[in-house]
Structures are given as C-alpha cells and as structure tokens.
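A short write-up of the structure that comes next.
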Amino acid sequence: DIARNLALLFSVESVSGWFRRLGGAKVVMSEAVTRRIETAAGLVRRALRVETTGGEYAGRFDADAFEDAEFAVRLSIEARAYTETLAINEVVGRTRKQIENTLEVVSEKLMADLKSGQALDRRVVTEAVDGAIRLNALVFGEDFAGALRKSRDNWLAKPATRAG
C-alpha cells in the first residue's frame, strides 16, 4: 500500500535513491511472502491430519499447527491484492491451486471419517472437521462452508458406532 501511495503522490522513479530503496523493500517483502505462502498447502495437510492406528484415532487436533495453517492461507488470500506491486503473481496462483486441492481432499476424508460413525474419538475428528470448515470458508466462501456445517451437524446427530 505504501509503494502504491508513493507512486500516486510523486514519480519515485525520478529519485534514483528512493527508487532503489523501494525496489529493495519490494524484493524483501516478496521473498518473505513467498516463503510463508509456499508452505500453506503442507501446513493445511498437517494441521488437519487425524491419524488412525488399528481403527482408533490417535493424537489430538493441534490448535497451534492449525493457527499456522490458517495464517498462511489468509496471507495467500491477502497477497492476491499485491501481485502487481510485489513479484508474487506466479507463486500466489500456484499456491491457491495447491491449497484448494489440499482442502478438497482432506475435507472429503475428514467428512468420510465422521460419516463412518466408527471413530472411537469423534471429538478429535470433529475438531479437525471444524478446522477444515473454517479454512474452506476462507478459500471457497461462506456458502460452501455452510453446506459443510450442515453435513457435519447431520452426521454428529447420529450415534457413533464402534468398528467391529
């Protein structure tokens, strides 16, 4: 925003020192944003992973890992507004596609686990599903997230069954 506003106020290109400094700052910001958003899909996958061992759900929902994933997703969304100012156009597009694909696959698996009714620890699966719904709301919109919530609520209303 600062770079855009400066360009509107006066021609930064005409002051070579400022132009170089501004260019250097853009490079640093571009690299920082790129480093953070390139890992977003992997962070989402790890944050929403609920592992099973012998039919039992092991572990817990990691709220800290989810916060990291949510921040990376939010940053990738916000970065789209600055693709022209920063040199991040290609990475933003690629990352968005990776996040979308990851969310689709992971959300589908989590919902299938919840629907199976065989989860011994439905709470862990439900926490991961809720996290997936939050991320889906960011990426695909509130209407899609609402449909996922409705599906989640329908399956939670059914009694859990044990794997036999």
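Nothing here was measured: the structure is a model prediction, and the numbers come from that model.
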Atom OG1 in Thr39, atom CD in Gln98: separation rounded to 0.5 Å? 10.0 Å
Taking side chain as C-beta onward, heavy atoms only, is Val50 less than 4.5 Å from Asp113? no
Does Leu48 belong to the same Ile/Leu/Val/Met/Phe/Trp/Tyr cluster as Leu156, with side-chain heavy atoms less than 4.5 Å apart forming each link? yes
Could you list the residues that satisfy side-chain hydrogen bond (donor to acceptor under 3.5 Å, both in side chains) with Glu100, not counting sequence neighbours? Arg96
From CD1 (Ile133) to CD (Glu142), nearest 0.5 Å: 10.0 Å
Honestly curious: do Phe144 and Leu110 fall in one hydrophobic cluster under the side-chain, below-4.5 Å linking rule? yes
Residue pair Ile99 / Thr102, side-chain heavy-atom distance below 4.5 Å: no
What residue pairs, at least two apart or across chains, pass salt bridge (charged side-chain N to carboxylate O under 4.0 Å, His left out) with a residue in residues 28-48? Glu38-Arg94
Side chain to side chain, Val105 and Lys109, heavy atoms closer than 4.5 Å: no
Thr95 side-chain N/O to Val92 backbone N/O, donor-acceptor pair under 3.5 Å: no
Measure the spacing between OG1 of Thr34 and CD1 of Ile37 and express it to the nearest 0.5 Å. 5.5 Å
dist Met111:CE -> Lys115:NZ (nearest 0.5 Å) comes out at 5.0 Å
Can Phe140 and Leu135 be said to form a side-chain contact (heavy atoms from CB on, under 4.5 Å), step by step? CA-CA 8 Å; Phe140 298 113; Leu135 294 177; over 6 Å; no
Glu108 CD: over 12 foreign heavy atoms closer than 6.0 Å: no
Distance, nearest 0.5 Å, that separates CZ of Phe71 from CG of Leu43: 11.0 Å
Roughly how far apart are Ile88 CD1 and Ser76 OG, rounded to 0.5 Å? 10.0 Å
Tell me, which pairs form a side chain to side chain donor-acceptor pair (under 3.5 Å) where one or both residues lie in residues 127-140, sequence neighbours left out? Glu70-Arg134, Ser107-Asn136, Arg123-Glu127, Asp130-Arg152
Specify the closest pair of heavy atoms between Val124 and Phe61, including all atoms of both residues, with the distance to one decimal. CG1-N, 4.2 Å
Whether Arg149 and Asp153 form a salt bridge (side-chain N of Lys/Arg under 4.0 Å from carboxylate O of Asp/Glu) is what I want to check. no
Could you tell me which non-hydrogen atom of Ala145 sits nearest to which non-hydrogen atom of Ala137, and how far apart they are? CB-CB, 3.6 Å
